[in-house]
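Have a look at the structure below, then the notes.
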Amino acid sequence: MRRSDHTTIRYTAGGPAGGPTLALIHGWACDRGDFDAVTDHLPEDYRVLAIDLAEHGESRSTRDVWTMEEFARDVAAVLEAESVDTCVVAGHSLGGAVAVEVGRLLPATVSHVVALDALHYLSLFPALSDEQTDATLRMFREDFAGAVRGLVEGGSPAGTSTALKDAYFEKMVAVRQPAGLRSIEGLVRWDMDAALRETKQPITVFAIRDLVTREAIDRYGDRFDIVLVDLGTHHFQVEAPEGTAKILAGVGTEQGSGNRPSLAARGRARDQV
C-alpha cells in the first residue's frame, strides 16, 4: 500500500472479511513477523491485519516526519485500503503509542485500543522535560548499541536468559537508519497525556507484572485499564503467542459494544494471566 510518493507500507491480511477485525502494530526496531504465531492462535473467524510501520520490516519510506502521529497514518491508510469499518487496534511497545494515536485519529473506526507492555514505562512514554529529552536522545546518538542494550535489559525480568536478551538486542540494534534514531526521538517527544485526553475509546494495557511500578499504576490507573500478565519479557507476544492470542481475543469480543471499563474496574492494576 503506497502513501503518496514517499512511503510504501507492507502488511499481512488474513481471515474472513466479516469477522471481528484486529490490527496489530509491532514495536520499535521490530516487525509484523512478531505476530505470526499469535495470528495462528486467534479464532478462525478473526480478520487480522499485521502491519510493518515505515522503515520497519518490509515497509520503506523516504519521509522526514517520524512522529507517533505519522506512524498512525501508516496504520490508518491500511485500514482504509482494507475498507475496515470497526476494529480493535493493538500495539506492542512503541506500537502502543501508535495505537493510541490511531484511536485518536479514527474515533469512529477504532472500538478499543490495546497496548502490549507499553504506556506504563514512565521514563519513556509520558512527555519528558527538555533536559530529560536531551539526555535520552544523547544516549542514542552517542552510543546507539549501548542504549539499545539498555532497552533490552529494562524489558527483561530477573532470570531472563542471556541468550534471549542477546537475540532481541541483535534484532533491534539492526533497525534501519536514520529511521531508528528519528522514531525514538518521535517517541521521546510524544505527549502521551495530551493524546490520552483526546482518545475516547477504552484503553487496555497488558503489562508484564515484574516490569510495572507502583508509580505508574498510581499515575495512570484511572486513565487506562492495567492488566498484569505473566507471559515472559517485554516481547511476550513472541514468547507466549497462545497466551497473547487469548488476551487479544478477549478484548475482541467487546467490538461494537461500546463498553468502557468503569472507574471502579480501572483505577488499579488487576491480574489476568
Side-chain angles (χ1 to χ4, degrees), residues 1 9-17 19-59 68 71-106 109-119 168 171-172 183 199 201-208 227 229 231-255 273:
M1 188 282 304
I9 300 298
R10 297 189 180 275
Y11 62 96
T12 302
T21 302
L22 179 62
L24 300 173
I25 311 169
H26 61 77
W28 179 77
C30 299
D31 59 71
R32 73 187 194 270
D34 287 351
F35 293 108
D36 286 351
V38 173
T39 300
D40 290 340
H41 289 289
L42 286 168
E44 292 183 357
D45 64 333
Y46 266 58
R47 180 187 188 191
V48 183
L49 306 173
I51 303 160
D52 275 341
L53 299 174
E55 283 298 278
H56 289 74
E58 295 181 312
S59 293
M68 300 305 99
F71 279 134
R73 294 185 186 100
D74 292 340
V75 177
V78 171
L79 298 181
E80 181 180 2
E82 289 290 320
S83 301
V84 174
D85 295 324
T86 183
C87 70
V88 171
V89 177
H92 166 242
S93 196
L94 173 145
V98 176
V100 170
E101 288 294 344
V102 176
R104 177 158 70 158
L105 181 64
L106 301 174
T109 301
V110 177
S111 62
H112 202 125
V113 174
V114 176
L116 303 176
D117 209 50
L119 308 186
Y168 291 137
K171 177 178 182 176
M172 296 170 67
S183 53
T199 303
Q201 300 91 335
I203 300 173
T204 301
V205 175
F206 291 103
I208 295 299
V227 183
V229 299
L231 293 173
T233 76
H234 177 62
H235 299 266
F236 68 83
Q237 76 279 10
V238 176
E239 301 155 31
E242 186 172 2
T244 303
K246 178 181 177 181
I247 60 178
L248 289 174
V251 172
T253 59
E254 301 170 4
Q255 283 194 49
V273 178

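- To the nearest 0.5 Å, the span separating CD on Glu101 from CZ on Phe71 amounts to 12.0 Å.
- When side chains are defined from C-beta on, Val100 does not count as touching Met68, because their heavy atoms never get closer than 4.5 Å.
- Side-chain N or O atoms of His235 include none that pairs as donor or acceptor with a backbone N or O of His92 at under 3.5 Å.
- Side-chain atoms of Ser111 never come within 3.5 Å of backbone atoms of Thr86 as a donor-acceptor pair (strictly under, hydrogens ignored).
- Between the CG atom of Leu42 and the NZ atom of Lys246 there is a distance of 13.5 Å, given to the nearest 0.5 Å.
- Between Met1 and Ala77, the shortest heavy-atom contact is CE-CB, 3.3 Å.
- Residues Phe236 and Ile247 come closest through the heavy atom pair CE1-CD1, 4.1 Å.
- No side-chain donor-acceptor contact under 3.5 Å links Asp45 to the backbone of Gly19.
- Scanning both residues, His234 and Ser93, for their nearest heavy atoms gives NE2-OG, 3.0 Å.
- Tested against Leu22, the residues Val114, Val89, Val88, Val251 include a single side chain to side chain contact (heavy atoms under 4.5 Å, CB included) partner, Val88.
- When atom types are taken as modelled, the side chain of Gln237 and the backbone of Val38 share no donor-acceptor pair closer than 3.5 angstrom.
- From Asp52, atom CG reaches atom CD1 of Ile25 across 11.5 Å, with rounding to the nearest 0.5 Å.
- Ala99 and Gly91 make their closest contact through CB-N, 4.0 Å (heavy atoms, listed as atom of the first residue, atom of the second, distance).
- Under the 4.5 Å side-chain criterion, counting only non-hydrogen atoms from C-beta, Tyr168 is in contact with Val238.
- At distances below 3.5 Å, at least one donor-acceptor pair connects side-chain atoms of Gln201 with backbone N or O atoms of Gly103.
- The closest donor-acceptor contact from the side chain of His56 to the backbone of Ala54 lies under 3.5 Å.
- Rounded to the nearest 0.5 Å, atoms CG (Leu106) and CD (Glu80) are 9.0 Å apart.
- Looking at every heavy atom in both residues, Pro202 comes nearest to His112 through O-CD2, 3.3 Å.
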- request: Begin from the C-alpha positions of Lys171 and Asp31 and carry the test side chain to side chain contact (heavy atoms under 4.5 Å, CB included) through to its verdict.
  value: CA-CA 10 Å; Lys171 177 178 182 176; Asp31 59 71; 3.5 Å; yes

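- Rounding to the nearest 0.5 Å gives a distance of 9.5 Å between CG of Leu94 and SG of Cys30.
- The side-chain heavy atoms of Thr39 and Thr12, taken from C-beta on, include no pair separated by under 4.5 Å.
- When side chains are defined from C-beta on, Arg47 counts as touching Val84, because their heavy atoms get closer than 4.5 Å.
- At least one donor-acceptor pair closer than 3.5 Å links the side chain of His26 to the backbone N or O of Leu53.
- Here the rule is side chain to side chain contact (heavy atoms under 4.5 Å, CB included) with Ile51, and of Leu24, Val75, Val98 only Val75 fits it.
- Tyr46 places a side-chain N or O within 3.5 Å of a backbone atom of Ala249 that can act as its donor or acceptor partner.
- The line from CG of Asp74 to CG of Leu79 is 11.0 Å long, rounded to the nearest 0.5 Å.
- When all heavy atoms are compared, the tightest approach of Leu231 to Ala240 is O-CB, 3.5 Å.
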